[in-house]
Amino acid sequence: MNQRPRIAIHKFASCDGCQLAFLNLGEDLLTLARMTDIVHFAEAGPVDPEAAVDIAFIEGSISTPEDEERIRRVRANSRYLVTIGACATAGGVQALRNFADAGEWIASIYARPEYIQSLATSTPIAQHVKVDLEIWGCPVSGRQVLAALRALLSGVPPWLEKDKVCLECKRRQTVCVMVARGLPCMGPVTRTGCGAICPSFGRDCYACYGPAENPNTESLARRLQGLGLVPAAVARRFHFINAQAPGFAETGARRGKASHD
Amino acid sequence: MTESRHIPVQVPVLARVEGEGALELRVRDGAIEEVRLRIFEPPRLFEKLLEGRDYTEVPDMVARICGICPVAYQMSAVHAIENLFGADPGPWVRAMRRVFYCGEWIQSHSLHIHLLAAPDFLGYASVVEMAGKHASEVRRGLKLQALGNEIIRLLGARSVHPVGARVGGFHRAPKPEEVSALLEKLRAALPEAEGLARWTASFDLPRDEQDFTCVALRHPREYPMNEGRLVSSQGLDIPADQFETRFAERQAPHSTALHCLLDGKPYLVGPLARLNLNLDRLPEPVRELVDGLGIPFPSRNMHHSIVARAIEIVIALREAIRLLESYREPRESWIAIQPRAGNGAGCTEAPRGLLWHRYEIDAHGKVMRARIVPPTSQNQSRIEEDLRQSLQRFGTDRPEEALRRHGEMVIRNYDPCISCATHFLELRIT
Amino acid sequence: METGFLPRAGFQALLDALHRAGYRCVGPQVRDGAIVYDTLNEIGTLPQGMHDRQGPGQYRLESTASPRCFGWANGPQALKPFLFAPHEAMWRAERDARGALHFSEILPAAETLAVIGVRACDLAALRLQDRHFLQGKFADPYYAARRENLFLVAVHCTQPADICFCASTGDGPRATEDFDIALDELDDGYLVQAGSDRGGAIAAKLPLTPATDAQRSQADAELQAAARRQSRGLPSRNLREVLFANLEHPRWADVAERCLSCGNCTSVCPTCFCHGEFDETALDGSRSLHARQWDSCFTQGHSYIHGMTIRADTRTRYRQWLTHKLGSWHEQYGRSGCVGCGRCIAWCPVGIDITEEVRAIGGGGGHG
Amino acid sequence: MVNASLPHEIEVVERIQESPTIFTLRLRFTDPAQHAAFRFAPGQFNMLYLHGVGEVPISIVSDPEDEKLFDHTIRVVGRVTRGLEQLQARDRLGMRGPYGRGWPLKQAEGHDVMIITGGLGCAPVVSVINYVIRRRDRFRRLIIMQGVKHSDDLIWRSQYSQWSKLRDTQVLVAADVGVALWPWHIGRVTELFDQVVFEPSQAMIMMCGPQGMMQVAVEHLLRRGVAEDHVYLSMERNMHCAAGLCGHCQYGGKFVCKDGPVFSYSEVKALFGIKGF
Ligand SMILES: Cc1cc2nc3c(=O)[nH]c(=O)nc-3n(C[C@H](O)[C@H](O)[C@H](O)COP(=O)(O)OP(=O)(O)OC[C@H]3O[C@@H](n4cnc5c(N)ncnc54)[C@H](O)[C@@H]3O)c2cc1C
Ligand code: SF4
Ligand code: SF4
Ligand code: SF4
């Protein structure tokens with residue numbers, strides 16, 4: 001590539017954690033700045049939200065009317081659009097509000113709810129504009145973001161991991177926490193990419209990387225009930241970080257209202 | 001001639017809900033009429049999301065409030081819930097939580113100093129520009145940031161939304177080999193961190209003394225992180241669970257973040273407030289380092305915050321080394337918890353200042369109500385007050401660009417959140 | 001080739017002899033609620049008295065008063081991860097300033113490793129993996145490097161779990177070949193048998209006493225009882241015909257309702273060999289590491305070719321696993337790919353039982 | 001032990017754009033000794049490695065007796081092929097091979113050779129056509145049948161016309177969708193079987209393309225009396241190692257990479273057309 005590709009990193013409703021995948025790159029952050037032209041990345045300095053770019057990375061979900069507008073403009077200005085993280089890809093943990101009366105919630109936190117402009121839902125970017133690549137995870141892994149960047153710099157579509165966490169657990173030779181300890185692990189339906197860190201820390205995966213390809217959520221739900229979870233608890237397993245993701249939304253809903261009645 | 005200038009500055013800001021905000025300034029006849037730090041990040045409604053969840057899910061949920069200081073959210077939450085259940089996880093857990101927190105301070109402060117604040121004081125638009133002339137300092141900063149992340153990973157597997165913390169302790173105890181490998185790196189980094197402190201102290205920082213109230217935790221022996229009483233520079237000294245008796249949140253029409261006030265007045269939390277109030281808790285070597293910096297702490301110059309952060313990196317590094325040097329692998333890394341109904345508060349020192357949580361939980365361990373007061377909503381009124389004073393002193397007749405930059409620099413001293421403290425953009429006059 | 005009796009306390013002498021001969025020893029230890037292989041320097045860390053309870057999707061350890069250190073059936077690991085690494089770098093590519101590429105292989109250091117406590121089923125699996133990785137058209141240099149100096153101490157299995165069926169596949173519970181040393185564990189010590197010259201040399205360094213007939217017959221009786229205790233089984237005949245004659249059997253859809261397509265079964269299976277290769281490239285594109293890791297026919301990528309996935313659903317994936325393992329393996333390696341270790345039953349999160357599925361699909365007929 | 005997984009450096013000598021999505025790379029080893037030692041048979045394939053991206057199996061289309069270069073004709077479909085597309089003369093890449101079992105060309109001598117392809121530019125069989133034409137007197141009739149989705153997809157058009165003029169050679173081309181002036185059939189290539197002149201008992205059939213097309217063709221040919229082991233097809237499965245180790249290309253008990261990719265119908269018929277294998 002003769003010209004350095006232009007890159008933007010945009011933020012919507014989120015915790016900023018996925019952008020840290022860039023800020024935590026260390027030496028590679030400087031390499032990235034050398035190889036590309038980072039035109040908009042508010043956290044790191046450059047700000048030009050309306051700039052036309054080759055690659056736009058989007059963090060965060062859409063939860064206000066203004067953001068609905070803004071993401072359209074970003075799309076129009078970007079040749080290749082990548083969502084990073086659970087918020088941008090599946091609506092994020094804040095999408096739990098989609099199950100509730102968000103207006104009532106706002107009223108209970110803010111004394112003057114009329115000041116607060118907000119949609120009743122938190123929705124993924126792909127519900128609003130075309131997305132070229134979705135990188136899952138809450139937060140995304142720096143390794144995956146780097147690999148995607150590298151592929152795009154080589155002019156080829158990035159390769160995405162979509163297998164189950166279980167495979168990575170076994171590669172790490174972690175003892176299965178579900179089989180050996182009866183923990184309600186979400187690994188068998190969850191997308192790998194994190195390195196199967198939860199089971200390696202002796203705990204159950206809570207599905208922060210969203211659904212894997214071909215997830216049998218119903219079978220796992222039955223298994224979790226077999227382990228002693230009541231239906232509402234099973235619902236909460238699915239309705240957590242990626243509550244709106246396909247498969248998780250339905251199986252959770254079928255077991256009852258997750259957290260709020 | 002009456003000149004009215006209304007100067008909005010786009011600023012992404014952290015708050016209860018961090019993200020986007022703006023600085024609005026109205027100047028009439030050279031006097032600042034109104035300063036507003038507008039936060040319009042869409043609310044993510046975490047307090048409500050928590051309702052109905054099991055207490056065991058809280059640490060993973062609250063981490064998602066902030067990707068830059070998830071450890072702080074997890075720590076305040078586990079303390080609040082353990083207080084509520086009357087559980088004491090014992091000295092190993094206590095020590096490891098401090099180590100965990102040290103990692104976050106080092107990571108967050110290094111990131112702030114190098115990526116956000118230092119370019120301001122040295123006159124660069126971003127760290128990338130700064131790296132040209134100050135390559136070794138930037139590398140040192142990135143290395144310290146990485147080291148902070150590594151400490152978090154030791155106990156939490158990853159640095160953003162770590163997965164190791166639980167009510168009652170940690171899911172897993174590190175292996176002694178991992179601890180000693182890390183210790184070596186920490187020891188090697190100590191001279192670097194001290195160099196960093198001296199470097200920040202050498203900046204030509206604006207002199208701008210102001211009167212403000214500092215609030216921080218205070219512990220009988222240690223530099224505060226996970227526990228202590230709530231104290232202020234004006235004599236406040238109450239147990240942390242009585243926070244609500246003196247501190248109250250108020251909603252401003254221009255913000256989705258609530259403003260928190262102490263007895264109705266603005267106050268400061270964060271590194272400078274912590275240092276000012278805990279100078280006598282510094283370990284001896286740090287004390288000597290601070291004495292040699294030539295800055296008279298306690299300081300009333302908010303621009304000294306960057307130095308306070310660098311000093312806290314040294315404190316955290318030393319503390320992590322001290323605690324890990326006596327590391328023993330425990331039989332169990334967490335205690336069993338017996339839920340009971342009640343109400344409990346927890347307060348810890350996030351990198352950006354006090355982070356207060358309260359939970360009401362039923363007998364089955366289900367969260368009934370939650371309340372979270374993050375550092376930024378506590379600093380928000382103080383930021384506005386500071387802006388008013390410092391911009392007035394700076395000179396309101398200056399070009400907008402200069403006003404904007406100065407305003408941003410002032411805001412960045414509070415490190416309201418990473419996206420807040422950035423180098424932004426165009427200035428619009430309406 | 002029986003060589004004698006090693007009193008329980010003399011077991012350390014075996015470790016010491018192996019250490020002196022330059023081996024790193026790995027042996028069974030309790031970790032995270034299961035028996036796994038880990039570096040073994042002291043007999044004190046052996047899982048003495050530990051016993052496992054296994055069932056479909058279930059594994060629990062319990063502590064007993066037994067003095068035995070090998071009174072358990074296999075945990076999740078086999079020999080496989082020691083030879084066919086779950087994840088490994090294969091070669092590195094570097095591009096110099098002129099655009100030329102340089103390739104360098106990354107072979108594992110050929111470690112001299114002694115594995116203590118290997119079961120008969122895993123030795124049978126090792127033979128199958130040897131055939132796959134070493135005896136085909138192209139030998140795998142990575143596997144070969146690790147295989148080269150492997151020393152195997154087998155312990156005949158007297159405590160098969162509920163999920164074991166090695167007796168029906170003819171692969172256990174007695175280890176009959178491919179070990180350097182085999183042990184029968186009795187309450188007060190071990191009957192030692194050398195299976196190779198290397199094994200004989202190590203055995204010669206042990207404080208052995210002559211074995212008694214009583215010891216021998218007790219060991220035999222325990223092994224026979226162990227075989228009898230196995231309640232599960234696969235028909236010993238070649239199942240290839242019957243499986244491929246039943247490719248549209250409704251049971252495939254039935255099991256697909258339960259199966260999570262998670263690949264735990266293929267990962268714990270000691271004979272499964274599938275792996276994927278990929279590149280990890282430096283951000284500036286100068287260097288790239290070509291690596292490989294375990295894959296499974298339960299993944300989408302396993303059967304992806306551009307524009308289509310040959311096995312897009314769980315039904316065809318489960319069918320691939322079973323028809324390969326018990327069917328086409330015969331064509332490839334002259335026998336079934338199942339050695340009866342039962343791991344895929346225990347470590348399946350939803351407890352799918354290969355023997356039961358086979359029976360349902362028409363491969364019944366008991367132990368025949 | 002030879003490490004069959006390690007690529008060797010090769011160089012692009014020439015790049016030819018055959019169609020909007022198909023291009024040919026003419027290649028040689030950068031090490032002349034390696035180049036001189038390189039031997040292959042038509043139907044065999046190489047693993048091409050694009051630096052930092054990955055490897056793909058690609059058939060060799062050039063003549064085995066061409067000592068200067070070897071050619072690969074590649075269609076852009078995904079990650080690696082898209083990256084390969086960007087290569088220019090003098091660029092370097094990695095290569096290992098050749099792999100697999102090629103076409104039964106020795107056996108085919110003295111037979112009618114019928115080549116059937118479907119889909120976009122089926123490179124593997126073009127090498128057979130060229131091979132037969134260059135050694136024309138060793139074979140009897142040559143029948144070339146090519147089906148494409150759209151008439152624009154047909155690459156090497158002029159070659160098809162030239163081939164059709166050769167003696168004892170029949171060329172039948174079909175496009176599902178044809179544009180004006182398309183001289184050949186509109187419809188499926190398998191609809192043209194009735195026009196084929198050949199001796200079923202003396203024929204060797206070689207085909208590659210979509211499974212559906214091959215299935216229809218096989219059924220027809222068997223009905224016409226061609227023996228099962230005179231019908232050869234080239235199979236495509238996911239491939240990583242190409243050495244029979246990684247397991248991806250298994251087709252029942254066969255490893256496509258080393259037992260194939262060319263199989264006689266009798267070898268694969270048990271599973272042919274069954275979804276999931
Ligand atoms: C024996 C053989 C010979 C071939 N000869 C040619 C040829 O001469 N010309 C040509 O254009 N194509 C040929 N192909 C197909 C070619 O290999 C695929 O189009 C190519 O692998 C797609 O890779 P990609 O990265 O561009 O596509 P993606 O869709 O991005 O594929 C990603 C990965 O999946 C795998 N994969 C995807 N499709 C295939 C496939 N069809 N076969 C095997 N693995 C696949 C590869 O590992 C690939 O890297 C041949 C395939 C085989 C098996
Ligand atoms: S194991 Fe599961 S919850 Fe844990 S980090 Fe990975 S995907 Fe997230
Ligand atoms: S195809 Fe499936 S069953 Fe066969 S070796 Fe590979 S993973 Fe195992
Ligand atoms: S059979 Fe069990 S272990 Fe195997 S893929 Fe299916 S659910 Fe997973």
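To find a chain, count down the sequence lines: A is the first, B the second, and so on, and within it residues start at 1.
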Please list all pairs meeting salt bridge (charged side-chain N to carboxylate O under 4.0 Å, His left out) that have one or both residues in residues 213-227 of chain A, counting only residues at least two apart or in different chains. A:Lys164-A:Glu213, A:Glu213-C:Arg317, A:Glu218-A:Arg254, A:Glu218-A:Arg255
With rounding to the nearest 0.5 angstrom, report the CG to OG distance, C:Asp279 to A:Ser154. 10.0 Å
From A:Glu27 atom CD to C:Asp284 atom CG, the distance as rounded to the nearest 0.5 Å: 11.0 Å
Let me confirm one number: the CZ-CG distance from A:Arg171 to C:Asp295, rounded to the nearest 0.5 Å. 6.5 Å
Would you indicate whether C:Glu94, at its atom CD, is surrounded by more than 12 heavy atoms from other residues, nucleotides or ligands within a distance under 6.0 Å? yes
From C:Gln293 CD over to A:Lys170 NZ, what is the distance, rounded to the nearest 0.5 angstrom? 15.0 Å
With a 4.5 Å limit on heavy-atom distance, are the side chains of C:Cys259 and A:Asn216 in contact? no
I'd like to know whether A:Leu220 forms a side-chain contact (heavy atoms from CB on, under 4.5 Å) with C:Leu260, so could you lay out the CA-CA distance, the side-chain angles of the two residues, the decisive distance to 0.1 Å, and finally the verdict. CA-CA 7 Å; A:Leu220 184 66; C:Leu260 301 163; 3.9 Å; yes
Please check: side-chain N/O of C:Arg60 versus main-chain N/O of A:Val179, any donor-acceptor pairing under 3.5 Å? yes
Checked C:Val36, C:Leu283, C:Val268 vs chain A; the most non-hydrogen pairs under 4.5 Å come from C:Leu283
Under a 4.5 Å heavy-atom cut-off, does chain A meet the side chain of C:Ala85, its backbone, both or neither? neither
So which of C:Arg258, C:Glu280, C:Gln54, C:His87 has the largest heavy-atom pair count under 4.5 angstrom toward chain A? C:Arg258
Against chain C, label A:Leu25 side chain, backbone, both or neither, depending on which of its atoms sit under 4.5 Å from a heavy atom there. neither
Interchain contact, A:Ala147 with chain C, by part (heavy-atom threshold 4.5 Å): neither
Is the number of heavy atoms from other residues, nucleotides or ligands under 6.0 Å of A:Arg79 CZ greater than 12? no
Contact class of A:Asp28 relative to chain C, heavy atoms under 4.5 angstrom: both
Quick check for you: to the nearest 0.5 Å, what is the distance between C:Phe298 atom CZ and A:Cys166 atom SG? 12.0 Å
Enumerate, atom names and distances included, each donor-acceptor pair closer than 3.5 Å involving a side-chain atom of residues 183-195 of chain A, sequence neighbours excluded.
| residue | atom | partner | partner atom | Å |
| --- | --- | --- | --- | --- |
| A:Thr190 | OG1 | A:Met186 | O | 2.7 |
| A:Arg191 | NE | A:Pro211 | O | 3.2 |
| A:Arg191 | NH1 | A:Glu161 | O | 3.1 |

Around atom CZ of C:Arg287, are there more than 12 heavy atoms from other residues, nucleotides or ligands closer than 6.0 Å? no
For the candidates C:Gly301, C:Gly351, C:Pro349, C:Ala256, which exhibits the highest count of non-hydrogen atom pairs separated by less than 4.5 Å from chain A? C:Pro349
Highest number of heavy-atom pairs under 4.5 Å with chain A: which of C:Ser261, C:Pro76, C:Ala34? C:Ser261
C:Gln300 vs A:Asn214, side-chain contact (heavy atoms from CB on, under 4.5 Å): CA-CA, chis, key distance, verdict: CA-CA 8 Å; C:Gln300 184 260 341; A:Asn214 188 27; over 6 Å; no
Proximity breakdown for C:Asp313 and chain A, heavy-atom pairs closer than 4.5 Å: backbone
Who wins among C:Thr266, C:Asn264, C:Asp32 for the most heavy-atom pairs under 4.5 Å with chain A? C:Asn264
For the pair C:Ser296 and A:Leu167, evaluate side-chain contact (heavy atoms from CB on, under 4.5 Å) and give the outcome as yes or no after the intermediate values. CA-CA 8 Å; C:Ser296 162; A:Leu167 272 179; 4.1 Å; yes
